[in-house]
Amino acid sequence: MTLYLELLLIGLSLGSLYAVVALGYSMVYGVVRVINFSHGEVYAASAYFGYWLITDLDLPLIGAMVLGAVFATLLIFCVERLLFRRIGPGQRLALLIAHIGVSVALRAVLSLAFGEQFVSIRSSLSPPVRFELFGVPLDSLQVSLAATAVLMCVALWVVVHRSSFGRALRAVAEDREAAESRGFSPSTTIAGAYLIGAACAGFAAPLGAALTELTPQMGLSLGLKAFVASVLGGIGKPVGAMIAGISIGIVESLVGGLWGSAYRESIFFAVLLIALLAFPRGFTSGLDPRAEYAK
Amino acid sequence: MVIANTAFFAGLYAMLALGLHVSWREAGVISLAHAAFFGAGAYAASATLMSFAADQHTVGFLPFVVSLLAAMFVPGIVAALSGLLLLRVRGDYFVMLTLGMAEMARNLLASTEFLGGNLGLRGIPAVAWGDLSLSAGGGATAVCLVLLTFVYLITQRLVSSRVGLAFRLVRDDELLATITGHDAFLMRWRGFLFGAMVAGLAGGLVAPYYGYIDPNFFGINEAIFLLACVALAPVSHPLVTALAAASLLVLTFAVAWLPLGPEVVGAGRQLVIGLALILVTALKPGGFAVGPFLGRT
Amino acid sequence: MTDRSSITNKVLASAAAILILALAVILSIYQPWNQRESSQQPRVGAILDLTGPAASFGAMQQQGMQLALEDIRDSDCAEDLELIVEDSRLDARLALSAVSKLIESDSVIALTSITGSSMALAVAPIANRERVPIVDSLSSSPALTTDGGEYYFRIQPADSYAGTYLVDWAIELGTRSSAIIYSDSDWGQGLRDAIRAMASERGLAIELEDRVRPGDVDFRAMIARLRSSPADTVFLLAHPQEAGLFLRQAGESRLPMRILGSDSLSTQEVKTAAGDFLDGVLFALSSEGSGEMLENFRARFRERFGADANANSIRAYDALMLIHRVVCDTGSNREAIRAALDSLEGYEGVSGPLSFDSNGDVADPAYDRFVYVGGAYRRLSEQ
């Protein structure tokens, strides 16, 4: 029994990580409808930035998180302004390729700057508070990450459903031209979505990296998981993305703990394939990314 | 030595790019599984060569030809079957599906003991006949270029034939294509299949060249590199694509020649690829004339 | 889509592509930064990991070889050796192109230290085909006994011996049932197979095994699984980084199991990654040898590099010195070298007397035990 409980809690911890990345991911995907390939790398870059802040400048974790958000926002602002914005609304393939290019280039820069081997934020922090929950060892970092995921989800939900910007987001996501004719500015809305998504990633990155260590490759695998979580959770739906992210974490943890690591990876890809083939709308009814072909 | 080596890979990637060109730029099927088909061909060829070789180190011309056929056949079958499922999905989802499928295959291969697992296949016999040896060096380059020419001629003929016309029609305006009697799904399937088989053929060349392959050779980085090779062609023409691929390959190899130190090479190459993709989309965002299958023209 | 402007585009594209190619071809021929004076000395090649995941091992091997080169220069034999080191970064493709270059462009008469069993296994078939002898120092995978070929010799004991030793040690410590965590590489799998074989022979139960991939950073689910199993000992056969992370996470999760390992646990990476959670971890290394020659070597090494020599440097030194001795005695013909290595007897290396069995392995090696105390390891004397 304790094994299941322990795996469940580990899965929650892992899942909150996927959730925070998926939340930011989902924002852009909902509005732009292009696979946000670069989101994972923005997360990774913010994590490395946080690493530098913590180890070289001795900042506390929370400071690194706030500055991480600033960093990510600035980064995506430049990239969006200089590159993504230049690509017109109909050029989704070009946008996809641009995203891929940014992702590859960012990863390369991280590798050049910090090396291929992993670096650790955790060893530079003071040890977290450790405690036991139902006999399962946990620490304060894991709890913080879970709390961050929930808070972020709530915040995003409020933005999407209760603010005027959120109204713009939903309008542009549903029908770009119609939204434009109603007075919403698609390019500003899109830029805003990118910024918010990046801020989420940047804020959570140093915390997440304190739990999982940093390698230049981390962006890729997290990005993939975030994508699956977004699909399953429904595009543009913060609550769905969070639940999906946590579910993926729990499933991975259970499979890995019960059957071994080999199956843990295979299960993820099976989930990916099933999600894309069978659940384009996700578990909650979000926007169907294929629907735009009717226009 | 370095020249022959570089020329071999330039030719190899030009060949791979031609396959992806037909699949993507002609039929509109943008596939990140291309590297996986490359790998499948390499594995099929290796298994064939090893079964011919018994205890010897080297095999001759006939086993090589058989291995090339196997290298085209296995990815062909995989593409044919998976295409039936995947090609029903469109847009970004299709791209992610191909990526997911490729990664899953690579993961399964690495997790099992089948075909060497994560340790790969060792001791692939060299191929040699007469004075020509295919394991590194001039012989391999020559054979590669010959095969490249062959693939190019076939591609060129395909592109300018009625089939090519049909590919492009299906890509650009599926409604019109369907009305005029084309089976859009079938055309895309064919394009996908052609690409996979050409990729497999390239894999058949690489196996005796290295003498060793493992699943990590054919992962996401490889898939993105192939994407970049084709994306860089400013005009949708096979010759331009082949040249673009060759140039990109040479450029990435050139990173290793600069006196920057070995740690930098891997990341440096990736940086070149990323920047190339960024430049190409920044400078010519209207340049990827691919129809509704992925996005509007 | 063909119209006038796109034809111009096509021409421009082709011209650009050709220019790039031409430039790169010129660079590759000229390579002003890479001139090698043609030397008359026989050349020996080494394929080390200098900048990759096993760089710490590669560095140790390189240091050992540097000392060897100095001794070679000072020796009374007329033949000097030129050493060419290539960086594999633990990537098989780079190792393969390195071995091709060494054999064809550099015409090496022999190869010496290769970093890692995976690289050695990838490269050995080619060396055998081209008939170039290898005297290796680090690679310990049992697969090299059979797959190394006629031209492969190594001073490092095969891990089949290590497996036996570890299992016997575990039993001595009172282990009832065990688990294996291994890295998915030739080294890891080789050790795992050796331990499994010996465990079944000795009747030691292996409850579960799980594998670790390079780059894995989260082992908590695995640790939970271990905790819930009846095993009381873990054989930790993971690569340095992953092993260190595992140790830390196991310590934080308070996993109450004994941990036994091998070479990877002696590295700096493990110490860095495991942090405070090293104490009590046990591992075995193949014996470095003893005697005056070894002590002199150690002193020299410490003076020269400011660190202690370990088995990897010692064996790399011995490997190169051995090749030099053989070249001095029988000339620089590859076949002659191979034959001399095959029938080697009575050669005293720094690590002790060297000779090879019919598979190119050293026979019946000894092992030393180590334990971590206070963040550093020290030798345990055997009971």
Side-chain angles (χ1 to χ4, degrees), chain A residues 29 33-35 37 41 79 82-84 86-113 115-116 216-217 220-221 224 227-228 231 260-263 265-266 268-277 280 289-290 292-293 295, chain B residues 24 28 30 32 85-86 88-97 99-108 110-112 174 220-221 224-225 227-228 231 263-264 266-290 292-297:
Chain A
Y29 198 10
R33 242 82 57 62
V34 141
I35 295 172
F37 250 99
E41 301 311 324
V79 172
L82 295 172
L83 185 62
F84 296 154
R86 296 180 57 137
I87 300 170
Q91 299 303 318
R92 287 179 53 238
L93 176 54
L95 191 56
L96 177 67
I97 292 179
H99 268 275
I100 295 178
V102 167
S103 142
V104 170
L106 261 178
R107 205 176 331 136
V109 167
L110 288 177
S111 184
L112 285 170
E116 278 293 324
Q217 309 305 320
L220 199 62
S221 64
L224 206 57
F227 171 71
V228 176
V231 168
S261 313
Y263 295 103
E265 290 147 16
S266 315
F268 170 70
F269 289 113
V271 169
L272 168 68
L273 290 177
I274 293 171
L276 291 176
L277 286 171
R290 304 184 298 189
E292 85 279 4
Y293 294 118
K295 300 192 203 90
Chain B
W24 170 12
I30 169 172
L32 283 180
L85 190 63
L86 301 181
R88 303 198 180 279
V89 174
R90 295 178 184 227
D92 306 339
Y93 274 23
F94 177 78
V95 178
M96 289 309 267
L97 264 178
L99 182 64
M101 184 183 84
E103 277 297 287
M104 186 164 85
R106 190 177 64 82
N107 199 44
L108 280 172
S111 306
T112 59
E174 186 169 329
I220 292 189
N221 285 342
I224 292 180
F225 181 72
L227 195 76
E263 319 84 72
V264 165
R269 285 183 173 167
Q270 290 300 308
L271 189 60
V272 166
I273 295 168
L275 288 175
L277 284 170
I278 291 175
L279 279 171
V280 116
T281 49
L283 296 177
K284 199 166 191 242
F288 302 107
V290 176
F293 183 68
L294 191 59
R296 294 145 167 285
T297 315

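So that the names make sense, note that chain A is the first sequence line, chain B the second, and so on, each numbered from 1. Only heavy atoms go into these numbers, but all of them, side chains included; no hydrogens, no water, no symmetry mates. These numbers were taken from a predicted model, which means no experiment stands behind them.
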**Student:** Can you tell me which of B:Asn107, B:Val264, B:Leu99, B:Leu227 forms the most heavy-atom pairs within a distance under 4.5 Å of chain A?
**Tutor:**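 The residue among B:Asn107, B:Val264, B:Leu99, B:Leu227 with the greatest pair count is B:Asn107.
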**Student:** To the nearest 0.5 Å, how far apart are CD1 in B:Ile224 and OG in A:Ser103?
**Tutor:**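 Rounded to the nearest 0.5 Å, the CD1-OG separation comes to 5.5 Å.
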**Student:** Testing the basics here: between A:Ala270 and B:Met104, what is the closest heavy-atom pair and its distance to 0.1 Å?
**Tutor:**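 Residues A:Ala270 and B:Met104, closest heavy atoms: N-SD, 4.0 Å.
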**Student:** Contact between B:Phe225 and A:Val104 at the side-chain level, heavy atoms closer than 4.5 Å - yes or no?
**Tutor:**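 No, side chains not in contact.
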**Student:** To the closest 0.5 Å, what do you measure between CD1 (A:Ile97) and CD1 (B:Ile30)?
**Tutor:**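 Taking CD1 in A:Ile97 and CD1 in B:Ile30, the distance rounds to 5.0 Å.
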**Student:** Could you pull out the closest heavy-atom pair between A:Ala98 and B:Thr281, with the gap in Å?
**Tutor:**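 Heavy atoms only, the tightest pair is CB-OG1, 3.5 Å.
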**Student:** Closest heavy-atom contact between A:Leu83 and B:Ala282?
**Tutor:**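 Heavy atoms only, the tightest pair is CD1-CB, 3.5 Å.
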**Student:** Determine whether A:Arg107 and B:Asn221 satisfy the following criterion, side chain to side chain contact (heavy atoms under 4.5 Å, CB included), listing intermediate values before the conclusion.
**Tutor:** CA-CA 11 Å; A:Arg107 205 176 331 136; B:Asn221 285 342; 3.3 Å; yes
**Student:** Could you look at B:Leu85 and say if it's the side chain, the backbone, both or neither that has a heavy atom under 4.5 Å from chain A?
**Tutor:**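 Contact with chain A involves both backbone and side-chain atoms of B:Leu85.
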**Student:** What are the two closest non-hydrogen atoms of B:Ile278 and A:Ala105, and how far apart are they?
**Tutor:**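 Reported closest heavy-atom pair: CD1-CB, 4.1 Å.
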**Student:** Heavy-atom distances under 4.5 Å only: say whether B:Leu108 touches chain A with side chain, backbone, both or neither.
**Tutor:**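 For B:Leu108, the contact with chain A is made by the side chain alone.
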**Student:** Would you compute the distance between atom CG of A:Leu224 and atom CD of B:Glu103 and round it to the nearest 0.5 angstrom?
**Tutor:**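 Here the interatomic distance stands at 7.5 Å.
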**Student:** Compare every heavy atom of A:Leu273 with every heavy atom of B:Met101, then report the nearest pair and how far apart it is.
**Tutor:**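 B:Met101 and A:Leu273 have their closest heavy atoms at N-CD2, 4.0 Å.
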**Student:** Give the member of A:Leu110, A:Val79, A:Leu112, A:Leu220 that has the highest number of heavy-atom pairs under 4.5 Å with chain B.
**Tutor:**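 If we count pairs closer than 4.5 Å to chain B, A:Leu112 comes out on top.
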**Student:** What is the minimum heavy-atom distance between B:Met96 and A:Ile35, and which atoms define it?
**Tutor:**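 Scanning both residues completely, I find the closest heavy atoms to be CG-CD1, 2.8 Å.
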**Student:** Please look at A:Phe227 and chain B and tell me whether the side chain, the backbone, both or neither of the residue comes under 4.5 angstrom of a heavy atom of that chain.
**Tutor:**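 For A:Phe227, the side chain is the part near chain B, not the backbone.
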**Student:** Would you mind reporting whether A:His99 and B:Leu277 have side-chain heavy atoms less than 4.5 Å apart?
**Tutor:**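 Heavy-atom side-chain distance check fails, nothing below 4.5 Å.
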